[in-house]
Participant: 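What follows is a structure written as structure tokens; I'll ask about it next.
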There are 2 protein chains.
Amino acid sequence: MALHSPLLKAPVTTADRVLQEIQHAIVEGDIPAGSKMSEPELAKRFQVSRAPLREALARLERCHLVERLPNVGARVVRLSVESLRALYELREELEGLACRLAAEKMPESEVQSLKALLDKHLATQRVSEGESYYQEEGDLDFHYRVILGSDNSYLINILCDELYYLARMYRVQLGMNGPRVSRAFDEHRAILQAIANRDGELADLLMRRHIRASRDNIEIQLREIEEQT
Amino acid sequence: MALHSPLLKAPVTTADRVLQEIQHAIVEGDIPAGSKMSEPELAKRFQVSRAPLREALARLERCHLVERLPNVGARVVRLSVESLRALYELREELEGLACRLAAEKMPESEVQSLKALLDKHLATQRVSEGESYYQEEGDLDFHYRVILGSDNSYLINILCDELYYLARMYRVQLGMNGPRVSRAFDEHRAILQAIANRDGELADLLMRRHIRASRDNIEIQLREIEEQT
DNA sequence: AAAGCCATAATTGTCGACAAGTTTGAAACG
DNA sequence: CGTTTCAAACTTGTCGACAATTATGGCTTT
């Protein structure tokens, strides 16, 4: 599933493989938020020794999916309004910057290619309206490619490796509901148009709004759940 | 040396200790930029087994001081104009954001405490003019505390853990020369004043300029060296 | 009965050895 | 003489076992 995604590099080492498996399990909620991650237990579950497992845990900490304490161990992070705020506050700023840079640097051919991608999304959306999976992948592809257009390796690393999976965890577990889905498409179009016009300032502004809207959507769901407890 | 720095957490595990030692060695240039890092060699040099050493290498990769390839190994990064541009482009944006947030959220007591810190720096500078060590530590302390004032854990993590040491490596190896040193003090004062006035927009702008100036300074040194080759 | 303490069990951190992969360099070939 | 091939040497990745630290649970004490 989703093996075509540009974000999934082919695993070369055992640690790579188990990282991807655990990452997926956490994002999807198969390993529940807040739970303790026992090294012996996970090693048995994924049929590996503790060495590559610990390597995987270290990388999971790097992308903020687990928290580790020396001599104590690792826990899956808990989703919270406070963490969501901090995460999206940062994404707003960084993806806004990515847009500004992409407007300056993205080659014309890539802009055209992105336009074609959005047209494909639109067609796909018509076929399966409300189908969140395609939408989500499409949304991610769009963001992903804009970020790559920034041509800043540190920015790309932060957004695509370190913040990506946590943001995805919020979206997968708290979902994106009805009307928001189709609106996101229009916002993508507007952002890309600004980039095509080489209007970095506008692309920045539109992307910030786009991310803010996405955050508001998730925060509503999250508050409902937090109040239940 | 520099054990009082707020950035240096007390090492609890062997991996922590060797990480700090290697980190220091790379930043200071004792392990030269671009050189291969042999695991057996480093293990012998620091008197540890390869397990904690590999843990340290993983964290060095995280803060962009080394690059690793599967089944090949780790190399110390090379300093380049292109990498400097990307790094400072990002720092400008992120520390600008930190200033804006700090202007909103930093408690009054912390603002006062920072004022006292700058006064102390000024006194210290008079005592040892041109002494780059104190200046540098002081500069870092200032930036560090403004970042903490942002109250955004992901932002703090990126700036203080992941980008900090590479930025420091550029500064240590390419230096901060004469007139820039004293100017930095004045810029700090202006930034802090804006934060004290709760003028986030201005603090953002001033911090961006401050970082841009610092970058220009380093880039000049770097270009000279690159042309020599 | 609640709080503190100690021994025990379980977990994490580290080690040395083996397996799998890559680099090196010399011999064979064009 | 330059290029290719291949094997030996070395490096990285993985494993199982041991050491050090933390969590558990029953016992004592007040």
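Proteins get letters first, then strands, A, B, ... in listed order; numbering begins at 1 in each. Source: prediction; values computed, not measured.
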Participant: Among A:E93, A:E89, A:E95, exactly one meets side-chain hydrogen bond (donor to acceptor under 3.5 Å, both in side chains) together with A:R91. Which residue is that?
Facilitator: A:E95

Participant: Could you tell me how far apart A:F46 (CZ) and D:dT14 (C1') are, to the nearest whole angstrom?
Facilitator: 18 Å

Participant: What is the distance, rounded to the nearest whole Å, between atom CG of A:D16 and atom C1' of D:dT14?
Facilitator: 13 Å

Participant: Without decimals, in angstroms, what is the distance between B:K44 NZ and C:dT14 C1'?
Facilitator: 20 Å

Participant: Using atom CZ of A:R17 as one end and atom P of D:dG13 as the other, report the distance to the nearest whole Å.
Facilitator: 16 Å

Participant: Atom CG of A:L19 to atom P of D:dG13: distance rounded to whole Å?
Facilitator: 14 Å

Participant: Is the backbone N or O of B:L174 less than 3.5 Å from a side-chain atom of B:Q221, with the two atoms forming a donor-acceptor pair by type?
Facilitator: yes

Participant: Rounded to whole Å, how long is the line connecting atom CZ of B:R75 with atom P of D:dT12?
Facilitator: 11 Å

Participant: Between the protein and nucleotides 9-13 of chain C, are there any N/O to N/O pairs under 3.5 Å, and if so, what are the atom names and distances?
Facilitator:
unit_1, atom_1, unit_2, atom_2, d
C:dT12, OP1, A:K36, NZ, 3.2
C:dT12, OP2, A:E39, N, 3.3
C:dG13, OP1, A:N71, N, 3.2
C:dG13, OP2, A:R54, NH1, 2.4
C:dG13, OP2, A:R54, NH2, 3.0
C:dG13, O3', B:T13, OG1, 2.8
C:dG13, N7, A:R50, NH2, 2.8
C:dG13, O6, A:R50, NH1, 3.0

Participant: B:K115: what forms a side chain to side chain contact (heavy atoms under 4.5 Å, CB included) with it, not counting sequence neighbours?
Facilitator: B:Q112, B:L192, B:Q193, B:A196

Participant: Any ion pair linking A:E226 and A:R223 (charged N to carboxylate O, less than 4.0 Å)?
Facilitator: no

Participant: Main chain of B:G34, side chain of B:R75: is a donor-acceptor contact present, judged purely on distance under 3.5 Å?
Facilitator: yes

Participant: Does the pair B:D16/B:R59 count as a salt bridge with the N-to-O cut at 4.0 Å?
Facilitator: yes

